[in-house]
Amino acid sequence: MDPISIGVMAFIAVLVLLGLRVPIAFALASVASLATFILFAFRTGSFMPERAIKATSSLVFNSSFDLIHSYDLSMIPLFVALGHISYRAEITTRIYHAARVWLTQVPGGVAMASIIGCGGFSAITGSSIACASTMGRICTPEMLRMGYDPRLATASVAAGGTLGSLIPPSVLFIIYGIFTETSISKLFLAGIIPGLLTLMGFLLVIFFWVRKDPTLVQGTQLELSLSQKLQSAAQAWPALLIFTIIIGGIYGGIFTPTEAAAISVALAISVGLVQRKLTALSLWDSFKETCIQTSAIFFIAAGAKIFVSFVALTGIAPVLVETVSGADMSLWIFMLGIALIYLALGMFLDPIGIMVLTLPFILPLVDNYSLDLIWFGVVVIKLLEIGLITPPVGLNVFVIKNVVGNNISIGQIYAGILRFLSLDLIILAIIISFPILSLLLPGTMR
């Protein structure tokens, strides 16, 4: 059989399995393994399975072994653990409470504080869905109790939760860096300015939305003294210190991302124990959840690595490059096509699944256009971030829906999301038009 035909059928088979809600790791690994077996079995023209067994086994096990023994992959469990420990030690939530106190007199201040809290949470945990879930349980009920419109109360947290994809540390950046063999340190730094730009844009959306319709925010606002505000701000020092260690240490060349993650975990545990926010039981729960979440990510990464090796065997990448080159597409048309593919897949699939499924096919095209992989990584992560709140299956929207239950419909959440989604598309266009926003900090690091 023709290797190209086998590759195309394998890709379609993966999409079908994902549409049937088969776990992404199993879909990638099983289809790639079976397709590789067929490819080797028909290599001589006739079907000879005995020649395919050893070759297929070698590809599957070597691909998985090489990935799991990657040094860069070790930072994923560390950053995941940092998120769980920081949450239980109340480190991540203090940023929200500090912003909540300082913005209490501002119309829509609690919604703005939710965005800032999500940004602070993202700067430690690196997970968008975890950010939306955690902050949703804290911020959304409080806004509803204060009389906030359900659209604003839910959409602000759902949108703010997406910041975990772009603001470092980001699990998506780590996986992208491993599969593209680019510097994860530079990827982390590249996400800072676009991430902060998105955060500021979300704040402006809330400001103008509430200004246009003051009835969105009802109820009395808290009146606090300056000393109370300063005390609340001071309590957020552990989160600021951890963020400084991660970003400052990487930018200054003091730590690698893995070393920064390890030091931050040790600091979070120490702060939690000294302040008596962590117990032996909560620490054990953090480690247990870390193992579960990390295992899921590792299985997906291993399945993706097998799939990447299979795609390389088929020779599909050179054919794609030749086809696109023959079409003589401009860079803008090419980027528009990439954006449409990611946004379409983002309506139905999770971010990690989208990335590991598409990178084997898209990276050769990126190389053909001589695009910077750091900048392109920011564009990809931004597209995945947008997919988290894109109808009909924005994952963050459904996370918030689970938090609020039947009191608020999914339609109400999406009605509020559309404003943030429009802003996201504007930010995406800016990132694509001005690569310097992504490349400035990585270009100046030591």
Side-chain angles (χ1 to χ4, degrees), residues 79 83 114-136 155-177 187-205 297 335 338-359 362 374-400 413-414 416-432 437-438:
F79 279 123
S114 301
I115 297 292
I116 296 173
C118 288
F121 192 100
S122 303
I124 294 177
T125 62
S127 172
S128 292
I129 295 176
C131 179
S133 177
T134 302
M135 299 305 294
S156 58
V157 183
T162 64
L163 295 170
S165 299
L166 207 53
I167 295 180
S170 167
V171 172
L172 291 177
F173 269 137
I174 296 173
I175 295 176
Y176 176 88
L187 286 169
F188 278 0
L189 295 175
I192 294 177
I193 294 178
L196 293 177
L197 191 62
T198 303
L199 188 150
M200 294 301 298
F202 286 167
L203 294 179
L204 289 175
V205 168
I297 294 173
M335 292 304 300
I338 295 294
L340 291 176
I341 290 171
Y342 272 87
L343 291 176
L345 291 176
M347 295 180 184
F348 306 100
L349 303 178
D350 67 278
I352 295 179
I354 296 170
M355 187 164 62
V356 298
L357 182 62
T358 56
L359 284 181
I362 290 178
I374 300 295
W375 166 77
F376 186 75
V378 175
V379 174
V380 168
I381 301 305
K382 183 61 183 177
L383 286 167
L384 296 174
E385 180 181 275
I386 294 173
L388 289 170
I389 55 173
T390 302
V393 194
L395 291 181
N396 275 17
V397 174
F398 280 86
V399 167
I400 299 300
I413 302 177
Y414 274 124
I417 279 293
L418 292 178
R419 292 170 174 80
F420 295 97
L421 187 57
S422 301
L423 183 279
D424 259 337
L425 294 175
I426 294 172
I427 298 294
L428 173 64
I430 292 173
I431 293 172
I432 295 176
L437 294 174
S438 304

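Computed from a predicted model, the values in this text were never measured in an experiment. Throughout, residue positions are numbered sequentially from 1 according to the sequence presented.
Within the 4.5 Å cutoff, side-chain heavy atoms of Ile175 are placed close to those of Ile297. Looking at Leu388 and Pro351, their side chains come closer than 4.5 Å, going by heavy atoms from C-beta outward. Leu384 is not listed as a side-chain neighbour of Ser165, based on a closest heavy-atom distance of 4.5 Å or more. Side chains of Leu203 and Ile116 form a contact here, defined as non-hydrogen atoms less than 4.5 Å apart. Within the 4.5 Å cutoff, no side-chain heavy atoms of Ile192 are placed close to those of Ile167. Considering only heavy atoms from C-beta on, Ser170 stays 4.5 Å or farther from Leu187 through its side chain.
Of the inter-residue distances, the one linking Ile430 atom CD1 with Ser438 atom OG reads 11.5 Å to the nearest 0.5 angstrom. Once rounded to the nearest 0.5 Å, the distance linking OG of Ser422 with CD1 of Ile427 reads 12.0 Å. Interatomic distance, Ile362 CD1 to Met355 CE, rounded to the nearest 0.5 Å: 11.5 Å. Expressed to the nearest 0.5 Å, how far CG of Leu418 lies from OG1 of Thr390 amounts to 10.0 Å. Expressed to the nearest 0.5 Å, how far CD1 of Ile115 lies from OG of Ser156 amounts to 5.5 Å. Residue Leu421 holds its CG atom at 5.0 Å from CD1 of Ile389, rounded to the nearest 0.5 Å.
Residues passing the side-chain hydrogen bond (donor to acceptor under 3.5 Å, both in side chains) test with Thr198 are Lys382, sequence neighbours excluded. By the ring pair (Phe, Tyr, Trp, His ring centres under 6.0 Å) test, Phe420 pairs with Phe202, sequence neighbours left out. Considering only residues two or more places apart in sequence or on other chains, Tyr342 meets the side-chain hydrogen bond (donor to acceptor under 3.5 Å, both in side chains) condition with Thr358. Residues passing the side-chain contact (heavy atoms from CB on, under 4.5 Å) test with Leu425 are Leu343, Ile386, sequence neighbours excluded. In this view, Ile341 and Leu345 satisfy the side-chain contact (heavy atoms from CB on, under 4.5 Å) rule, not counting sequence neighbours.
The two residues Ile417 and Ala158 make their nearest non-hydrogen contact at CD1-CB, 3.8 Å. In plain terms, the two heavy atoms of Ala155 and Gly416 that are nearest each other are CB-C, 3.4 Å. Contact record, Glu385 with Leu166: OE1-CB, 3.3 Å, taken as the closest heavy-atom pair. Annotation for Leu437 and Ile193: closest pair O-CB, 3.4 Å, computed over non-hydrogen atoms. The two residues Pro194 and Val378 come nearest to each other via the heavy atoms CG-CG1, 3.8 Å. Taking both residues in full, the closest heavy atoms of Gly160 and Cys118 are given as O-CB, 3.2 Å, listed atom of the first, atom of the second, then distance.
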- With side-chain contact (heavy atoms from CB on, under 4.5 Å) as the test, would you mind laying out the steps for Ile354 and Leu383 before giving the verdict? CA-CA 10 Å; Ile354 296 170; Leu383 286 167; over 6 Å; no
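Aromatic ring orientation, Phe398 versus Tyr414: perpendicular (interplanar angle above 60°, classes split at 30° and 60°).
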